[in-house]
Amino acid sequence: MPNPHGSFIWYELLTSDTAAARRFYGGLLGWHATGHEGQPGYEILTHGEDGIAGLMQAPAGVAPVWLGYLGVADVDATVAAIVADGGAVQMPARDLPGVGRIAMVADPDGAPFYVMRGASDRASTSFAPDAIGHCAWNELGAADMDRALAFYARHFGWTRGETLPMGAMGTYQLMELEGRAFGAIMQRQADAKPMWRFYFQVPGIDAAVRRMAETGATLLHGPVEVPGGDQIVIGLDPQGAMFCLVGKPG
């Protein structure tokens, strides 16, 4: 497996209107969409030649949402261990020809994500912190922060990095894999569901915010500066899926 066990290797948008979502994210992040030969109705969102994420119609009753994929050495063993540790199966493991084996699970707090063993020997670059149009950060709002920290460490080999104080919001615990920070876990807000958020890199935050306003997105938070000098925003796309951006000020 080219990416280490526990790496974020793919992202996926479930939406109520794939054509509208394709236009929105294409204009905002410079993504292009192509069909997938083996999966009718599934589109691959690319930046340049790099596949970043998937796009598909949300099943009936499922609200638009972004989901992440964690690469694992053994999907079935990982799913069994997650269930034994208080997690749940949301989609049983299955093989996708030419793609790999996947399952959708939820952590003990109910935050959903996929686990996947890819069929390709090519390393995923969906998560690439220094690349425009790629995911640059992964952030979990947990109902029980300590439980979530222990859960993901047990199953995915994550370790704790720097801890950042956030005042009344508690602490922001950076997480590392093989010594490199890739995301963080924090206590969720009282009115929020436990969920993962994914920050996609843009060249400039101000231009992205203007684009959001022009295309019907809702700005929920930001722009605010984060350590390192970048700025972030959190928004809802026109179909209601929460998305996050990070980029240079101005």
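All values derive from a computational prediction rather than experimental measurement.
Taking the charged nitrogens against the carboxylate oxygens, R101 and D76 do have a contact shorter than 4.0 Å, which makes a salt bridge.
For H32 (side chain) and H47 (main-chain N/O), no donor-acceptor pair under 3.5 Å exists by modelled atom type. Looking only at distances, a side-chain donor or acceptor of H5 sits under 3.5 Å from a matching main-chain atom of H155. Judged purely by atom type and a 3.5 angstrom limit, T171 has no side-chain atom pairing as donor or acceptor with the backbone of Q173. In this structure a side-chain-to-backbone donor-acceptor pair under 3.5 Å is present from D109 to A143.
The salt bridge (charged side-chain N to carboxylate O under 4.0 Å, His left out) test applied to R23 returns no partner, not counting sequence neighbours. Residues that satisfy the side-chain contact (heavy atoms from CB on, under 4.5 Å) test with T215, not counting sequence neighbours, are F24, R211. Evaluation of the side-chain contact (heavy atoms from CB on, under 4.5 Å) rule for A88 yields no partner, not counting sequence neighbours. Looking at residues two or more places apart in sequence or on another chain, you find a salt bridge (charged side-chain N to carboxylate O under 4.0 Å, His left out) between R22 and E43.
Atom CZ of R117 is separated from atom CD1 of I9 by 9.5 Å, given to the nearest 0.5 angstrom. For the atom pair CE of M186 and OG1 of T163, the computed distance is 13.0 Å after rounding to the nearest 0.5 Å. Summarising the geometry, atom CG belonging to N138 is positioned 10.5 Å from atom CD1 belonging to I185; distances are rounded to the nearest 0.5 Å. To the nearest 0.5 angstrom, F127 atom CZ is 6.0 Å from C135 atom SG. Rounding to the nearest 0.5 angstrom, the gap separating the CD1 atom in I52 from the CG atom in L13 is 14.0 Å. Rounding to the nearest 0.5 Å gives a distance of 7.0 Å between CD of Q57 and OG1 of T15.
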### Query
Taking it one step at a time, do Q201 and H134 satisfy side chain to side chain contact (heavy atoms under 4.5 Å, CB included)?
CA-CA 6 Å; Q201 182 98 351; H134 293 240; 5.8 Å; no

### Task
Assess whether side chain to side chain contact (heavy atoms under 4.5 Å, CB included) is satisfied between T46 and D50, documenting all intermediate values.
CA-CA 5 Å; T46 62; D50 297 327; over 6 Å; no

### Intermediate values then yes/no, side chain to side chain contact (heavy atoms under 4.5 Å, CB included), Y152 and D107
CA-CA 9 Å; Y152 287 96; D107 68 21; 2.7 Å; yes

#### Entry: Stepwise side chain to side chain contact (heavy atoms under 4.5 Å, CB included) test for D85 and R154
CA-CA 10 Å; D85 200 16; R154 278 194 296 273; 2.8 Å; yes

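V75 and Y69 are assigned to two separate hydrophobic clusters, defined by single-linkage of ILVMFWY side chains at heavy-atom distances under 4.5 Å. No path of Ile, Leu, Val, Met, Phe, Trp and Tyr side chains, each step under 4.5 Å between heavy atoms, connects V202 with I132, placing them in separate hydrophobic clusters. L220 and Y199 fall within the same hydrophobic cluster, defined by Ile, Leu, Val, Met, Phe, Trp and Tyr side-chain heavy atoms under 4.5 Å apart, directly or through other members. Side-chain heavy atoms closer than 4.5 Å link hydrophobic residues (I, L, V, M, F, W, Y) into clusters, and following such links, even through other members, never connects I82 to Y114. Residues F151 and V83 are members of one and the same hydrophobic cluster, defined by side-chain heavy-atom contacts under 4.5 angstrom among Ile, Leu, Val, Met, Phe, Trp and Tyr.
Shown here for W31 and G133, the closest heavy-atom pair between the two residues is NE1-O, 2.9 Å. Of all heavy-atom pairs spanning L140 and M195, the tightest one is CD1-O, 3.4 Å. For D95 against P97, the heavy-atom pair with the smallest separation is O-CD, 3.8 Å. Here the closest non-hydrogen pair linking A142 and A148 is CB-CB, 3.7 Å. The minimum heavy-atom distance between I44 and G51, with the atom names listed, is CG2-CA, 4.4 Å. Residues P59 and L14 approach most closely at CD-CD1, 4.4 Å, considering heavy atoms.
Listed by first and then second residue, the ring pair (Phe, Tyr, Trp, His ring centres under 6.0 Å) pairs that reach into residues 174-193 are W158-F182, sequence neighbours excluded.
Within a 6.0 Å sphere centred on CZ of R180, heavy atoms belonging to other residues, nucleotides or ligands number 12 at most.
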Table please: side-chain donor-acceptor pairs of residues 222-245 below 3.5 Å, with sequence neighbours left out.
from, atom 1, to, atom 2, distance (Å)
D230, OD1, K248, NZ, 3.0
D237, OD1, Q239, N, 2.9
D237, OD1, G240, N, 2.9
D237, OD1, A241, N, 2.9
D237, OD2, Y25, OH, 2.7

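For the residue pair Y42 and E12, a side-chain donor N or O sits within less than 3.5 Å of a side-chain acceptor on the partner. Inspection of the Y172 and E139 side chains reveals an N or O donor paired with an N or O acceptor under 3.5 Å.
Using cut-offs of 30° and 60° on the angle between ring planes, the pair F156 and F113 is perpendicular.
The shortest side-chain heavy-atom distance between Q90 and V105 does not fall under the 4.5 Å cut-off. Under the 4.5 Å side-chain criterion, counting only non-hydrogen atoms from C-beta, L96 is in contact with I102. Side chains of V115 and V79 form a contact here, defined as non-hydrogen atoms less than 4.5 Å apart. Taking the side chain as every heavy atom from C-beta outward, D206 and V209 never approach each other to under 4.5 Å. Contact annotation: the side chain of M104 approaches that of L67 to within less than 4.5 Å [non-hydrogen atoms, C-beta and beyond]. Residues I205 and P249 form no side-chain contact, since every pair of their non-hydrogen atoms from C-beta on lies 4.5 Å or further apart.
Ring centroids of W196 and F8 are separated by less than 6.0 Å, placing the two rings close together.
Checking each of Y11, F200, F198 against W66 for a ring-ring contact (aromatic ring centres under 6.0 Å, His included) leaves exactly one that passes, namely F200.
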